[in-house]
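In this chain, numbering begins with 1 at the start of the sequence shown.
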Amino acid sequence: MQITADEVKRMHLMTGAGYMDAKRALEQAGGDTERAVAALREKGAAIAQKKTGRIASEGRIEIYRHTGDRIGVMLELNCETDFAAATERFKSFAHNLAMHIAAMNPSYISAADIPPETLAREKAVCEAQARGEHKPEKVVAAIAEGKLQKYYQTVCLLDQPYIRDGGRSVRDELIACVAALKENVTVKRFVRYELGE
């Protein structure tokens with residue numbers, strides 16, 4: 001099957017994958033866009049897994065000021081090289097991530113950053129809610145775990161639905177950025193200011 005340049009370009013724009021990776025994925029999927037996207041996401045996850053342990057000490061400080069000057073965000077996004085930090089892909093991701101933080105107001109980067117006492121308190125609340133709904137004791141832990149996952153999606157940046165694509169999480173977008181740059185990319189820290197807080 002012949003894959004056209006327009007199809008490759010569309011796949012590149014949809015996924016952020018390189019043109020050759022997009023072309024290979026389309027060829028392997030026989031032109032099926034959904035299968036090609038799934039294959040690229042799997043490949044991106046594998047690349048991200050390999051890059052996780054690598055030191056990411058370059059990057060950029062992104063400053064975002066929301067319209068009306070009532071909300072501001074300062075974000076440190078790291079990568080491995082200054083070359084990658086200078087790419088449009090990296091700059092765009094940093095900007096969109098800062099905008100996401102302004103809109104969604106996360107408290108932590110990931111669940112690992114939640115203090116143990118906060119997590120224990122939230123888990124106790126979830127279990128009490130399940131018991132208050134008169135659920136059998138054997139399913140209380142599973143219900144509490146489900147409620148904790150929802151809590152993570154509220155307070156943890158990487159678990160939140162990405163504002164530019166609600167079907168994906170911020171973590172999915174981070175993995176796509178890693179796959180596109182072929183470098184480890186990490187959110188080091190952020191702070192969000194809101195006038196009057």
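In the hydrophobic cluster analysis, where Ile, Leu, Val, Met, Phe, Trp and Tyr join through side-chain heavy atoms closer than 4.5 angstrom, I71 is grouped apart from Y64. Follow the hydrophobic side-chain contacts under 4.5 Å out from I63 and you reach Y193 in the same cluster. Under a hydrophobic clustering in which Ile, Leu, Val, Met, Phe, Trp and Tyr are joined whenever their side-chain heavy atoms come within less than 4.5 Å, directly or via other members, V155 and L148 fall into the same cluster. Under a hydrophobic-cluster definition in which Ile, Leu, Val, Met, Phe, Trp and Tyr are linked whenever side-chain heavy atoms come within less than 4.5 Å, directly or via other members, L158 and F190 are assigned to the same cluster. Cluster annotation: Y108 and L75 are assigned to distinct hydrophobic clusters (Ile/Leu/Val/Met/Phe/Trp/Tyr, side-chain heavy-atom contacts under 4.5 Å, transitive).
The environment of K147 atom NZ is dense: over 12 non-hydrogen atoms of other residues, nucleotides or ligands sit within 6.0 angstrom. The environment of NZ in K188 is sparse: at most 12 heavy-atom neighbours from other residues, nucleotides or ligands sit within 6.0 Å.
A donor-acceptor pair is defined here as one N or O able to donate and one able to accept, closer than 3.5 Å; such a pair exists between the side chain of T87 and the backbone of A84. Side-chain atoms of E58 do not come within 3.5 Å of backbone N or O of A85 as any donor-acceptor pair.
Contact of the L157 side chain with the H100 side chain is registered, since non-hydrogen atoms from C-beta on lie closer than 4.5 Å. Residues H66 and M99 form no side-chain contact, since every pair of their non-hydrogen atoms from C-beta on lies 4.5 Å or further apart. Taking the side chain as every heavy atom from C-beta outward, L77 and V185 approach each other to under 4.5 Å. Counting heavy atoms from C-beta on, the side chains of I109 and C156 never come closer than 4.5 Å. In this structure the side chain of R171 reaches within 4.5 angstrom of the side chain of S110, judged on heavy atoms.
Going from atom CZ of R189 over to atom CE of M74 covers 9.5 Å, rounded to the nearest 0.5 Å. In this structure, the separation between CD on E62 and OG on S92 is 9.5 Å, given to the nearest 0.5 Å. Here I163 contributes atom CD1 and N96 contributes atom CG; the two are 7.5 Å apart, rounded to the nearest 0.5 Å. In this structure, the separation between CZ on R70 and CZ on R65 is 13.5 Å, given to the nearest 0.5 Å. Separation of atoms CZ (R192) and OG (S107) is listed at 10.0 Å; rounding is to 0.5 Å. If you take NZ on K182 and CD on E80, they are separated by 12.5 Å, rounding to the nearest 0.5 Å.
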(request) Walk me through it: do I114 and Y151 pass the test side-chain contact (heavy atoms from CB on, under 4.5 Å)? (result) CA-CA 11 Å; I114 300 174; Y151 173 72; 4.0 Å; yes
(message) As a quick check of understanding, evaluate side-chain contact (heavy atoms from CB on, under 4.5 Å) for L119 and Y152, giving each step before the final call.
(response) CA-CA 10 Å; L119 197 55; Y152 296 153; 3.5 Å; yes
(request) Kindly determine whether S169 and Q160 satisfy side-chain contact (heavy atoms from CB on, under 4.5 Å), including the steps that lead there. (result) CA-CA 6 Å; S169 69; Q160 289 181 330; over 6 Å; no
(message) Apply side-chain contact (heavy atoms from CB on, under 4.5 Å) to residues N184 and T186 and explain how you reach the verdict.
(response) CA-CA 7 Å; N184 190 17; T186 60; 3.8 Å; yes
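Between F93 and Y162, the ring planes lie tilted relative to each other; the angle falls in the 30° to 60° range.
Under 4.0 Å is where a charged nitrogen must lie from a carboxylate oxygen, and between E173 and R168 at least one such pair does. Using a 4.0 Å cut-off between charged side-chain N and carboxylate O, R131 and E133 make no salt bridge.
Across every non-hydrogen atom of A180 and R89, the tightest pair is CB-NE, 3.7 Å. The heavy-atom pair separating A94 from R60 by the smallest distance is CB-CD, 3.8 Å. Here the shortest heavy-atom pairing between Q153 and D159 reads CG-O, 3.5 Å.
For the residue pair E183/T81, the side-chain donor-acceptor check at 3.5 Å is satisfied.
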